[in-house]
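Written out below as structure tokens is the structure these notes cover.
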Amino acid sequence: YTLSLHDALPICVPRVNKFIERPVEMAELERVLLPERQSCRQKRFVLHGLGGIGKTQLAVEFTSQHHRRFNAIFWLDGRSKDSLEQSIASCAGRIPDGQISESSRTYSASSNGDINMVVQEVLAWLAQEDNSQWLLIFDNVDRDYKPHKSGPEAYDVTDYFSGANHGSILITTRLAKLEQLGDSQQLGKVNEGQARAILQTRYKRKYGMFGHHCMDTGVKLIILLQT
């Protein structure tokens, strides 16, 4: 039941016209996350760093390059507990007919039913022993979760790991503390050329309007924020 890249990546996933090359970090993602023939552990990778530095773009590029290595890819909006659970529930419709209940498969279209039940069915599907070569991307897990001290939209991301000893999980976050969940990489400091490319990609029209001076100031600011 291979899912196509088109199915795995919803329209809301950012696309970049010009990907900023990160060969060292990409090699680490490949080393940790790509499926192996014999593996009895869940592969986890936490990609953390400043907002806007390119974490999501790197995750998108990794998925684009290697989607054929996975049987299923689910891209999840980790900005809040609600957005995460809605993302998981929307993935239910991509699970093949007969492998979860029909009410859960049609939840994203009808929004009728118990979303908690749908989420649990999707996680149970991921936990099946013969369903091991999937990839979950938790994107923008930036709310700091503290038991009994967090707001209603913060959550413990490990509650959504399916409990299985297989599969691959990629988390993008600003929270360095999440690196304890698995292998991790702080998205490294960018050089001047990479900083310029980031600004050109994200703010092409704006900087085109205000000229090179504004671009140079933006580059210097990115470099400064990394120190």
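Since the structure is predicted, the reported quantities are computational estimates derived from the model, not experimental observations. Residue numbers run from 1 in the order of the sequence given. What you see below is based on every heavy atom in this structure, not just the backbone, and it leaves out hydrogens, waters and symmetry mates.
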Would you tell me whether Ser90 and Ser87 have side-chain atoms, one donor and one acceptor, within less than 3.5 Å of each other?
-> no
State yes or no: are the ring centers of Phe62 and His66 separated by less than 6.0 Å?
-> yes
Cationic N near anionic O, under 4.0 Å, Asp183 to Lys43 = no
Taking atom types as modelled and ignoring hydrogens, do the side chains of Glu61 and Gln57 form a donor-acceptor contact shorter than 3.5 angstrom?
-> no
ILVMFWY cluster, Leu178 and Tyr145 together (side-chain gap under 4.5 Å) = no
Residues Leu175 and Val141: closest non-hydrogen pair is CD1-O, 3.8 Å
With a 4.5 Å heavy-atom cut-off, do Leu50 and Arg174 have their side chains touching?
-> no
Would you give the length of the straight line joining atom NE2 of His67 to atom CG of Leu135, rounded to the nearest 0.5 angstrom?
-> 12.0 Å
Would you indicate whether the side-chain heavy atoms of Met117 and Gln120 approach each other to under 4.5 Å?
-> no
Note, Val118 side chain near Asp114 side chain (heavy atom, < 4.5 Å) | no
Taking the side chain as C-beta and beyond, is there a heavy-atom pair between Ser80 and Arg143 under 4.5 Å?
-> yes
Residues Pro96 and Trp125: closest non-hydrogen pair is CD-CZ2, 4.2 Å
Kindly compute the distance separating CG (Leu47) from CD (Gln186), expressed to the nearest 0.5 Å.
-> 10.0 Å
Looking at side-chain heavy atoms only, is the closest gap between His48 and Ile171 below 4.5 Å?
-> no
Arg94 and Arg105: side-chain contact (heavy atoms from CB on, under 4.5 Å), yes or no, with the steps?
-> CA-CA 7 Å; Arg94 302 191 187 102; Arg105 287 190 72 250; over 6 Å; no
Any donor-acceptor N or O pair under 3.5 Å, side chains Tyr155, Glu85 | no
Roughly how far, to the nearest 0.5 Å, is the CG atom of Asn165 from the CD atom of Glu129?
-> 9.5 Å
Could you give the distance from NE2 (His166) to CD (Gln42), rounded to the nearest 0.5 Å?
-> 7.5 Å
Does Lys177 come within less than 4.0 Å of Asp144, counting only side-chain N to carboxylate O?
-> yes
Under a 4.5 Å side-chain heavy-atom rule over Ile, Leu, Val, Met, Phe, Trp and Tyr, are Leu136 and Phe161 clustered together?
-> yes
So, does Lys55 use its side chain to make a donor-acceptor pair with the main chain of Leu187 at under 3.5 Å?
-> no
Do Leu29 and Leu170 touch side chain to side chain, with heavy atoms closer than 4.5 Å?
-> yes
How long is the gap from CG on Leu181 to CZ on Arg44, to the nearest 0.5 Å?
-> 7.0 Å
Could you tell me which residues satisfy side-chain hydrogen bond (donor to acceptor under 3.5 Å, both in side chains) with Asp77, sequence neighbours excluded, listed by chain and number?
-> Arg79
Do Phe138 and Trp75 come close enough that some side-chain heavy atom pair is under 4.5 Å?
-> no
Partners meeting side-chain hydrogen bond (donor to acceptor under 3.5 Å, both in side chains) with Thr158 (sequence neighbours left out) | Asp156
What is the distance from atom CD1 of Ile115 to atom CD1 of Ile88, rounded to the nearest 0.5 Å?
-> 8.5 Å
Is the closest side-chain heavy-atom distance between Ser168 and Leu34 below 4.5 Å?
-> no
Go through the steps for Cys91 and Leu76 under the test side-chain contact (heavy atoms from CB on, under 4.5 Å), then give the verdict.
-> CA-CA 9 Å; Cys91 293; Leu76 308 175; 4.0 Å; yes
